[in-house]
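Each chain gets a letter, A, B and so on, in the order the sequences are listed, and its residues count up from 1.
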Number of protein chains: 2
Amino acid sequence: MTRARAATIEDVAREAGVSRAAVSKVIRNAYGVSPSMRDRVNAAIEALDYRPRVAARAMRGATFTLGIELPHIGNPFFTKIVAGATATLQGTEYQLIIAPADFDGEEGVRALGALADRQVDGIVAISPLVSPEWLERLAARVPVVMIGRHDRSAAYDTVTGDDTEGTRLAMEHLFELGHRRIVHLTRSEEVTQPGSGTPHAMRLEQYLASMRNAGFGDDIRVVRTGMTEESARLDTLALLDDEVPTAIFVGNDELALGTLRAIGEHGLSPADVSVVGYDDVDIASHPAISLTSVDQSGVAMGERAIRLLLERIAGRTEPVHFSVEPTLRVRGSTRPAAARHID
Amino acid sequence: MTRARAATIEDVAREAGVSRAAVSKVIRNAYGVSPSMRDRVNAAIEALDYRPRVAARAMRGATFTLGIELPHIGNPFFTKIVAGATATLQGTEYQLIIAPADFDGEEGVRALGALADRQVDGIVAISPLVSPEWLERLAARVPVVMIGRHDRSAAYDTVTGDDTEGTRLAMEHLFELGHRRIVHLTRSEEVTQPGSGTPHAMRLEQYLASMRNAGFGDDIRVVRTGMTEESARLDTLALLDDEVPTAIFVGNDELALGTLRAIGEHGLSPADVSVVGYDDVDIASHPAISLTSVDQSGVAMGERAIRLLLERIAGRTEPVHFSVEPTLRVRGSTRPAAARHID
DNA sequence: ATGAAAGCGCTAACAA
DNA sequence: TTGTTAGCGCTTTCAT
């Protein structure tokens, strides 16, 4: 198939009987164009169905494209962030493109690089496992806003949930219900390196702190899993074969859904094992699921990230580190069976 | 912040002591480079951390970027398609970017245009409401694969689920259970224009046909709703206030989740009103949800769409129209209360 | 207010 | 095998 050739700025200029520079000024609505010329140019643009090639614009100026890197597109929490981002971009000249990574390690770096190669005007990235140095080098080329990173660099902005506080809320809630044998199901060591500042690392640390503070240090038990619901299901099943705790605090809702499945498959009910998740994914509030979860408002995070990015593009140079307050959404969690017994 | 200037092909050429053309050949691994030159160039690339600017390449050749347009990123079925697409692209030199549209009307057209402006090498689009003519014009510029469109054009390939068969399966299932007062909850008229070939139009038509064939023409009832779970919840609530059918066949699982919520909120149980959805979203199989649904394998669709696109890019010109077979996943649906009574 | 012309970083003929 | 060179479609001084 012979591909049609689209109109160029040259064609428009000829059609309108003006110079290319004139057309350029009109489409950028730059200063110094007479109304009559503007009209003629616009008419020509209309007539030829002209659309500027982004690649050509990129050679000299901006692409009007913002990129967002997403580890694991299957996680509805990330989807919320994107929803907040697109909503904020409504009515602006910017187009958002998503680079799916399907893991926050090397894959994330690859996706970030792909966005940079495409000369997006700004990048939002969701907590990939990259060194601050690497990010600073990236941020030297293009404005960057990191979501969910607790480290602070002058080179990029951050938008984070207060994972420490969110976890504290979740643990307090379980303590108040009378739980003490609370297992923490979290992701691999790689993603929870102490001091790395990833959300899961913060949650793990606070889980440990809460347990110790409550005097339940001996009951601490951390179980590792992958990043999918299915892996959480499998690892929870293995856990339950070994020991049935009264509660499980799960690193995020996607994993918590797998945990819930496993509990059912093991012949237990949510009344036997209380589950608390993180992110307050939509389905968590479904009555049949009824999952207690920490809401860190993904939509607000996406919105804020885009705002910060636009500010950076507009010239801001001092870093901003924005933190959103988490809220605990209490739903299905119950008192431990033993405690109910005593009632 | 002063943005750092990245190395260009010129810098690499100078560093390696060769011409720009030589470097270009190496990075494209084109024919006619001596091993020694290749090594020197690669060393220089390494040393300068050089990465070719996609925009500059786009001016002459390819961008090695494939774009996928997604209406409503919140729908997990679309997410499956993306998963299939990214998996298929693993190991190739292509990068996938997603343009979220948040509606399949005008917004979809905008997103498609944005991808075209960015000169992606190929586009996968999910059933936006566009005329075949518009699509053919797009397809004249860039290879296009449409997912979920039942019209056939020589200009673009299509990947579809067999919505007629899928709906037939769903309806047969409900008939066999003894249902006859089956409501169809579907999207707005805009998205279900008879003859438009959208998935929802096909499902609606087959619902009508199945009902008539079964002799239940008088029980036909079509209820309209938006594209979100929440709107489905609201419209189902309104329906139930008016009349409680024995079953509801819902246009897709995202909507079906809202219907399930409404049923619960109305004080009914899934045993009172059987719900059948479409897409077999992950959560449908969760025991607590247990939603009967038509599986049209989004992953396979995404995978196939990318394969077709790569074939087009490689030069194929005859159109291919691929259809995936749907399977009914039977879960929670039950016989109508009246029929159970008779038992 | 308008236009001429240089140049962004690459690829692809073509020459050597 | 290697290098020279002419653009690709824009934006942006700088003249006019």
- How about B/Leu135 and B/Tyr156: do any of their side-chain heavy atoms sit closer than 4.5 Å? yes

- Side chain B/Asp104, main chain B/Leu129, donor-acceptor under 3.5 Å: no

- Query: Counting only distance, no hydrogens or angles, is the base of C/dT11 paired donor-acceptor with the side chain of B/Arg20 under 3.5 Å?
  - Reply: yes

- Query: For the side chain of A/Arg149 and the backbone of A/Asp151, is there at least one donor-acceptor N/O pair under 3.5 Å apart?
  - Reply: no

- Message: Please pick, from C/dG3, D/dC10, C/dA13, the nucleotide with the shortest atom-to-atom distance to any side-chain atom of A/Ala21.
- Response: C/dG3

- State whether A/Thr8 places a side-chain N or O below 4.0 Å from either non-bridging phosphate oxygen (OP1 or OP2) of D/dC8. no

- Task: Report which part of the nucleic acid A/Gly32 touches: base, sugar-phosphate, or nothing (heavy-atom distance under 4.0 Å, all strands).
- Result: base

- Query: So, the side chain of A/Asn75 versus the backbone of A/His72: is there a donor-acceptor pair under 3.5 Å, distance only?
  - Reply: no

- What integer distance in Å separates A/Asn29:CG from D/dT11:C1'? 14 Å

- Item | Short side-chain N/O contact from A/Arg57 to OP1 or OP2 of D/dC10, under 4.0 Å | no

- Task: Using whole Å, report how far CD1 of A/Ile9 lies from P of D/dT12.
- Result: 11 Å

- Query: For the side chain of B/Arg312 and the backbone of B/Arg307, is there at least one donor-acceptor N/O pair under 3.5 Å apart?
  - Reply: no

- B/Arg53 has an atom CZ; how far is it from atom P of C/dC8, in whole Å? 11 Å

- Message: Both B/Met59 and B/Val18 contact DNA chain D. Which one's nearest nucleotide lies toward the 5' end?
- Response: B/Val18

- Starting at CD of B/Gln119 and ending at P of C/dT11, how long is that distance when rounded to a whole Å? 14 Å

- Given atom CD1 of B/Ile27 and atom C1' of C/dT11, what is their separation to the nearest angstrom? 9 Å

- Could you check which of C/dT11, C/dG9, D/dG3 has an atom nearest any side-chain atom of B/Arg28? C/dT11

- Item | N/O (side chain, A/Tyr31) to phosphate O (OP1/OP2, D/dT12) under 4.0 Å | no

- Task: For B/Asp39 and D/dT1, give me the distance from atom CG to atom P, rounded to whole Å.
- Result: 14 Å

- Query: Between B/Leu48 (CG) and C/dG9 (P), how many Å, whole number?
  - Reply: 14 Å

- Under 4.0 angstrom, heavy atoms only, what part of the nucleic acid is A/Ala22 near: base, sugar-phosphate, or nothing? sugar-phosphate

- Atom-to-atom span, CZ of B/Arg14 to P of C/dC10 - whole angstrom: 12 Å

- Would you indicate, yes or no, if C/dT11 has its OP1 or OP2 atom less than 4.0 angstrom from a side-chain nitrogen or oxygen of B/Ser24? yes

- Side-chain atoms of A/Arg60 come closest, of D/dG3, C/dT2, D/dC10, to D/dC10

